[in-house]
Amino acid sequence: MKKEEMGRGKIPIKRIENQTTRQVTFSKRRAGLLKKTHELSVLCDAQIGLIIFSSTGKMCQYCSEPFRMEQIIERYQKATGSSIPEHDSREQLYGELAMLKKETRRLQVNMRRYTGEDMTSIPFEDLAQLELQLEHSVAKVRDRKNELLQQQLENLRRKERMLEEENSNMYRWIQEQRAAVEYQQAAMEGKAVAVEQHQVLEQFPFCGEPSSVLQLATIPYHLHLSQPSSIN
């Protein structure tokens with residue numbers, strides 16, 4: 001036994017820092033503990049109740065058959081003279097329900113006052129206070145309404161500026177397209193004139209350079225008739 005312990009080596013009893021190693025060790029030792037607990041319960045006819053919570057909050061339990069865990073805990077309480085305090089949840093629920101009903105009635109009364117219903121039982125001081133509250137509420141509603149109207153007005157102004165800018169851009173684009181079309185038309189007309197002049201020169205084959213022919217064509221032609229000499 002000593003040699004076996006020496007071969008395994010001593011494991012210090014302290015918290016395992018590595019989470020994976022800790023979980024593996026927990027699973028192995030939990031299985032061994034449950035096995036030993038079952039053997040003890042069967043071999044010795046012992047009543048055992050075992051509850052285990054892992055570091056992650058998972059619960060594992062063992063209870064000797066044919067008993068239930070509640071019976072084992074009750075026997076433990078009787079043996080030790082201790083008891084687990086029991087809270088009657090029904091009483092707590094009834095108390096919370098009564099408080100909620102009371103608050104609901106109070107809110108309903110206040111709502112009827114704000115809507116002008118059931119005013120006969122309200123004293124003068126409460127009526128004056130209610131009037132001030134209503135005036136304050138009306139002022140807040142009016143301020144909020146004016147704020148929303150101002151926001152809508154700003155949005156409309158912003159849209160108007162955007163539309164004006166788009167209109168200006170569209171007008172500028174149309175002017176540019178019109179200028180481009182006029183330029184193309186002028187270029188085509190100039191080309192047509194040049195072709196027509198070339199055709200005229202081909203019909204009148206004068207000698208010399210084409211430039212001289214153009215000059216002759218541009219010089220005005222006048223006929224001067226000489227008067228006949230008088231016969232004495």
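Computed from a predicted structure; not experimentally measured.
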Around atom [atom1] of [X], are there more than 12 heavy atoms from other residues, nucleotides or ligands closer than 6.0 Å?
X: Arg30; atom1: CZ; value: yes
X: Asp143; atom1: CG; value: yes
X: Gln177; atom1: CD; value: yes
X: Glu165; atom1: CD; value: no

Output for pair (Phe53 CZ, Gln61 CD), nearest 0.5 Å, gives 8.5 Å

Rounded to the nearest 0.5 Å, what's the gap from CZ on Arg105 to CG on Leu107? Could you check? 11.0 Å

With a 4.0 Å cut-off, would you call Lys101 and Glu103 a salt bridge? no

Excluding Ile72, membership of its hydrophobic cluster (Ile, Leu, Val, Met, Phe, Trp, Tyr; side-chain heavy atoms within less than 4.5 Å) reads Phe67

Residues sharing Ile52's hydrophobic cluster, by side-chain heavy-atom contacts under 4.5 Å among ILVMFWY, directly or via others? Phe26, Leu33, Leu34, Leu50, Tyr62

Beyond-backbone contact of [X] with [Y], side-chain heavy atoms, under 4.5 angstrom:
X: Arg157; Y: Leu153; value: yes
X: Glu17; Y: Arg22; value: no
X: Met69; Y: Ile51; value: yes
X: Thr25; Y: Lys28; value: no

If Ile, Leu, Val, Met, Phe, Trp and Tyr residues are connected whenever their side-chain heavy atoms lie under 4.5 Å apart, and connections chain through other members, are Ile48 and Leu43 in the same group? no

Quick one: does Ser64's side chain have a donor or acceptor within less than 3.5 Å of a partner on Ala46's backbone? yes

Among Gln152, Arg158, Lys159, whose side-chain hydrogen bond (donor to acceptor under 3.5 Å, both in side chains) with Asn155 holds? Arg158

side-chain hydrogen bond (donor to acceptor under 3.5 Å, both in side chains): which pairs involve residues 131-141, sequence neighbours left out? Tyr114-Gln133

